[in-house]
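Notes to accompany the following structure.
Here is the naming used below: chain letters follow the sequence lines, and residue numbers restart at 1 for every chain.
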Amino acid sequence: MDFKSIEQKWQDAWAKEKIFEVKDDFDKKKFYVLSMFPYPSGSGLHLGHALNFVIGDVFARFKIMNGFNVLHPMGFDALGLPAENAAIKAGEHPQDYTNTSIKHYTKQLNSLGLSYDWSRVVNTADPDYYKWDQWIFLKLFEKGLAYQKESAVNWCPECNTVLANEQVQNGFCWRHEETKVQIKHLKQWFFKTTFYADELYESIDELNWPNKTKAMQKNWIGKSHGIQINFEINGENWPIFTTRADTIFGVTFVVISAQHKRLFELVTSEQKKSVEEFLQKVNSVSEKEFESMEKEGVFTGAYAINPVNNEKIPVYAGNFVLADYGCGMVMAVPAHDQRDFEFAKKYSIEIKQVIKGEVTNERAFTEKGELINSNQFNGLIADEAIKSILEYLKKEGKGEQVINFKLRDWSISRQRYWGTPIPIIYCEKCGVVPVPEKDLPIILPKDVTFGEGNPLKTNEDWINVNCPKCNGKAKRETDTMDTFVNSSWYYLRYTDPKNSEKIFDEKKADYWCPIDQYIGGYEHACMHLIYIRFYTKFLADLGLINFREPAKKLFHQGMLNGEGGIKMSKSKNNVILPETVSEKYGIDTARLFLQSIAAPDKPRDWSEKGIQGSLKFVNRIFDYFGKDFIGVDSKQTLSKLNKTIKEVTNEIEDFEYNIAIIKLRQLFEHIEKNKVSKDTAEKFLKIMNLFCPHITEELWEKIGNKKFISNSSWPTFDESLIDEQLDKIESIIDLVRQDILKIKELAGLEKISSVKIIVAPKWKWDALNIVKDVCKEKPDFSLAMKTLMGKEEFKKYGGEIQGFLKVVINKYSDLLLVKELDELDLMLQVKSQLEEEFGLIEIETAKESVELKAKNAFPTKPALIVK
RNA sequence: GCACGGGUUGGGGAGCGGUCAAACCCGCAGGGUUUAGGACCCUGUCGCUUAGUGCGUUCAACGGUUCAAAUCCGUUCCCGUGCACCA
C-alpha cells in the first residue's frame with residue numbers, strides 16, 4: 001500500500017482548501033483545543049511528541065465533526081536557554097538555528113496529519129510576539145508586581161554566569177563537571193506570583209483538571225494556617241510562625257535561619273566568630289547537598305523570652321530553617337517535632353514534653369493531643385488548645401492568626417541572550433526607568449559575541465541608550481526573561497495572532513477563551529501551569545479578559561518509551577522518529593497503534609511487533625473497501641452500529657481512545673462478515689477518520705464522496721435501534737456456526753446440505769434421551785448406540801462419540817446438534833440466517849417430560865461412556 | 001517523610017459490586033490456504049473435561065462488608081510519579 005502518496009495527497013488537499021482554518025464567527029458555538037506548543041530543538045520531533053499532538057488532534061477532529069467552531073492552533077516556544085546552548089555548540093547564531101528547527105518541526109507536524117490552523121501560527125522568538133511579553137512586563141511593573149531584589153542564585157565560577165536550576169547537576173556545573181556551583185546573591189527581577197497565592201490555591205478546586213495535578217499545585221503553593229508569635233529578644237519583638245501553638249510551653253530554644261537578613265543583629269560579640277565560621281560552612285554547601293545535610297547550628301549569644309511563661313531561652317542560628325518561609329525563624333519544641341528533637345539531642349538542649357504521648361530516646365511525639373505542663377491550658381486538646389492560646393496571645397498583643405504560603409515569587413531574570421529583553425533602562429540620574437510603551441519592542445540585537453558571560457553585554461550600541469526620562473546617559477537591562485514568560489499567555493495570542501495594535505482583540509479572546517481542552521505533559525504541573533494561571537489572573541485584573549482561569553479542562557498524555565519500556569533517549573540510541581515509522585507503516589497506522597496500546601494518559605512502550613497488528617487492521621479495511629462491499633443492513637448490524645456510535649462518542653469525549661478503537665475493531669469485524677449498507681460503512685469511516693485521517697479520506701473519495709470526510713458531520717445514533725437481544729442472537733449464530741463447523745470437521749464431512757438441531761431441556765441427559773427415542777427406548781447408552789448404528793458399525797467405532805455422531809448424521813441428516821431448551825426462541829430466530837449458509841435447518845423440540853426418566857436410566861455421567 | 005497513582009490470567013492492557021475465567025492487541029499452539037517461506041483466514045491459549053459443556057482454582061497478601069467482590073472498606077507488602085528540613 002502506498003501510504004506515502006495518500007498522505008501527501010490529502011495533506012495537500014486540506015491545505016489547499018484550508019479546511020482547518022477557522023473564522024472568528026461569534027455566533028457559532030466554539031471549542032478551543034490546545035496542545036502545549038513545542039520547544040523546537042535541532043533534533044526534531046520524536047514519536048513521543050507526535051503521540052501528544054495526535055491526542056489533541058483526535059479530540060479536535062471529533063469536535064469539528066460535531067459542528068463546533070474549533071480553534072486548534074500550533075506555535076513554537078522558540079526562545080530559551082537550551083536553544084542558545086545548542087546553537088553555540090553547533091557554531092550557529094540562535095536565531096538561525098531556531099529558524100531551521102522551526103522549519104523542520106513544521107514539516108514534521110504536517111506529516112502527522114494534524115488538523116492545525118496554520119494561519120494562526122505563533123513564534124515566541126518573533127519580535128511581534130515578544131513585544132507583548134515586554135508590554136505585560138511594563139504593566140506588571142506599573143502595578144508593582146514586577147520588582148527587583150537580591151536573591152540567591154546558582155553561580156558557576158568557570159562559566160562566570162548564573163545557571164538555571166536545570167543546569168545544576170548534583171551541585172556541579174553541567175558544563176564543568178569538576179566545578180561546584182556556588183550560591184551568590186544577585187539583584188534579580190521577580191514577578192510577584194505570591195500576590196495571587198491565595199486565589200491560585202483556592203480556585204484549583206473549581207478546575208476540571210486531573211486530581212494529581214491539582215494536588216501537586218496545592219502542595220507547591222502550600223497554604224497553611226498558623227499563628228505568628230512575637231518572641232522578645234533584646235527588648236525587641238521578633239516574630240516566628242508556627243502551626244503548633246499548642247506546643248508553645250515546650251519551647252526550649254529558638255532557631256533563626258542562617259540566611260536571615262537580620263541575623264547579625266542578634267549575634268553577640270563573643271559569638272560572632274563562631275557564627276561566621278558556621279555561615280561559611282553553610283554557604284559552601286550546594287543546594288543538592290543541603291537537602292541531605294544534618295541539622296546543625298550555632299549559638300548566637302542571644303536569648304528570647306517565651307511570651308506565655310517568660311522563660312529565657314537560647315537563640316541558635318540553624319541550617320535547617322528557611323529564610324524565606326514564614327518569618328525565617330522558628331520556635332523549637334524538641335519533644336514534639338522531629339527536627340527540633342534531633343537538634344536538641346545534638347546540642348544537649350532540654351526536651352520538655354507538653355503533649356500527652358510517648359517521647360522516646362529516638363523520636364519526638366509529633367501528633368496532636370492533650371496538653372500537659374502548660375499552666376492554665378492543661379487538659380485542652382489539639383485545635384481547641386491552639387484556639388485558646390491564640391486568644392491569650394492576641395489579648396497580650398503577642399500573636400495573631402496568619403496564613404503562609406510555600407510559593408515564592410517567580411525569578412524571571414536570565415543572564416542569557418536567547419530570551420525576551422527586559423524593557424528596563426538604568427539611568428545614572430533617574431535610576432530604574434521602564435521603557436515607554438511606544439518604544440517596544442526592544443529587539444534582541446543579532447550582533448553579539450558568545451563566550452563568557454551574558455552575550456548581550458558585548459553589544460555596546462545596544463546597551464547604551466538615552467534615558468527616556470531625562471535623555472541623559474543610560475544603559476539597558478541586559479537580563480532577559482525566563483522562557484516560561486513566553487508560554488504564559490500564548491493561548492491568548494492565537495485568538496488574534498497578527499494584531500499589531502494590541503496584544504489581542506478583547507472580543508476575539510472573549511469568544512475563544514478560556515481553553516476548553518488543554519493537553520500537555522505532567523512535567524508542567526508546577527511550572528508552566530502555575531505561571532499561565534498567574535498571567536490569566538493578572539490580565540483579568542487589567543480588564544483585558546473576563547475569565548480568571550486559562551483552561552477549563554486539562555489532560556496529560558502518557559510517556560512513550562522505546563522498545564521494552566526503556567526511556568527514549570539519544571544516548572540509548574532508541575529514539576523513534578515519526579519519519580521512520582511513517583515510511584514503514586504509514587502515519588495513520590502509527591496514529592492508530594499509539595492510541596490503541598494504552599489509555600492516552602498512561603505511559604506506553606513502542607513495539608515493532610505491536611504495530612503489525614494495527615497495520616493488519618488498516619490493510620483489512622482497505623481490502624474491504626476494495627471489493628464490492630455494499631449490502632443490506634440487518635437489524636443486528638443497525639443495533640451494533642448505533643451502539644458503537646453511542647459508546648465511542650462517549651469514549652472519545654472521555655479520552656478513552658484505546659477502548660474506542662477496540663469497539664471500532666469489533667464493529668469492523670461485523671461489517672466484514674455481514675456486508676452492510678453504504679451508509680453504515682461511511683459511518684464507520686467517519687469514526688475511523690479521527691485516528692486515520694488520510695486513509696479514510698482516500699476511501700471516502702473512493703466510494704464516491706466529493707467533499708472531505710474530515711469536516712463531515714459526526715454520525716448520530718438512534719437509541720431505539722439498539723437491541724441487546726440482537727447482540728445475543730449474533731453471538732448465538734456465531735456459536736452455532738462454530739459448532740456446526742467443528743462437528744463437520746470431527747465427523748469428517750465434506751459438505752453439508754442439511755442440519756438437524758434438536759432443542760432439548762438440558763443438554764446431556766436429554767441428548768441421550770433423544771438418542772433413546774430414536775432407538776426406541778433402550779435403557780443403556782451403548783445399547784442405544786448399537787441400535788442406532790447397527791452392530792457392524794458399533795464394532796467399527798466402539799463407543800467413540802465421533803463415530804457415533806458420524807453414523808447418526810448419515811442416517812438422519814447431515815448433522816445433528818443439541819441445544820438447550822431455553823435457547824429455543826433464539827434458535828428459531830436464527831434459523832433463516834443459518835440456512836443461508838448451511839442449507840436446510842430442521843429444528844426439533846424434545847419433550848421435557850423425559851428428563852426424570854432419563855436420569856434414572858443413566859445414573860452415571862455420559863463422560864464415562866465416551867471413552 | 002508527605003502527596004498522588006498503581007499491583008489483573010506469558011507480555012501489554014480493559015474491567016472498578018452480579019451479565020467475569022475476565023474485552024482487545026502481541027506472543028504461543030493447532031488447523032486451513034499457499035510452490036516453499038512470508039502474508040492471509042479459522043480455532044485454542046488457568047487446570048481437568050465436552051461437539052457445545054461442566055467442575056475446580058484465580059485478579060499482590062491477609063482480614064472485613066454483602067445474598068453476591070478483581071471491583072467497596074481496613075491493614076500489610078511491593079512499584080511508579082511529584083514535592084521534599086515549609087516550622
Legend entry - Short N-O contact, A/Lys368 and A/Asp383, less than 4.0 angstrom: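 Between A/Asp383 and A/Lys368 there is a salt bridge, with a charged N closer than 4.0 Å to a carboxylate O.
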Say we look at [N] and [M]: how far apart would their [atom1] atoms be, to the nearest angstrom?
N: B/U81; M: B/G31; atom1: P; result: 46 Å
N: B/A69; M: B/G15; atom1: C1'; result: 13 Å
N: B/C40; M: B/U34; atom1: C1'; result: 9 Å

Inset, instruction - Provide, to the nearest angstrom, the distance between the CG atom belonging to A/Asn561 and the P atom belonging to B/G80. - result: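 Atom-to-atom, A/Asn561 to B/G80, this comes out as 13 Å.
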Legend entry - Presence of A/Tyr325 side-chain N/O under 4.0 Å of B/A87 phosphate oxygens OP1/OP2: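 A/Tyr325 to B/A87 OP1/OP2: side-chain N or O found under 4.0 Å.
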Inset, instruction - Answer yes or no: does a side-chain N or O of A/Lys602 lie under 4.0 Å from OP1 or OP2 of B/A14? - result: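 Affirmative; the distance criterion is met.
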Please work out if [X] contacts a base, only the sugar-phosphate, or nothing of the nucleic acid, heavy-atom cut-off 4.0 Å.
X: A/Gly613; value: sugar-phosphate
X: A/Arg620; value: sugar-phosphate
X: A/Lys218; value: nothing
X: A/Thr242; value: sugar-phosphate
X: A/Gln612; value: nothing

Inset, instruction - Using the six-membered ring of A/Tyr201, assess whether NZ or CZ of A/Lys218 lies under 6.0 Å from its centre and within 45 degrees of the ring axis. - result: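 Here A/Lys218 passes the 6.0 Å and 45° test against A/Tyr201.
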Inset, instruction - Determine, step by step, whether A/Tyr585 and A/Phe593 satisfy the ring-ring contact (aromatic ring centres under 6.0 Å, His included) criterion, reporting the C-alpha distance in whole Å, the side-chain angles of both residues, the deciding distance to 0.1 Å, and the verdict. - result: CA-CA 10 Å; A/Tyr585 309 101; A/Phe593 172 64; 8.6 Å; no
Inset, instruction - Establish whether the base of B/C26 is bridged to the side chain of A/Lys609 by a donor-acceptor pair shorter than 3.5 Å. - result: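 No, the side chain and the base share no sub-3.5 Å donor-acceptor pair.
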Inset, instruction - Go through the steps for A/Asn319 and A/Glu296 under the test side chain to side chain donor-acceptor pair (under 3.5 Å), then give the verdict. - result: CA-CA 6 Å; A/Asn319 63 356; A/Glu296 279 183 67; 4.7 Å; no
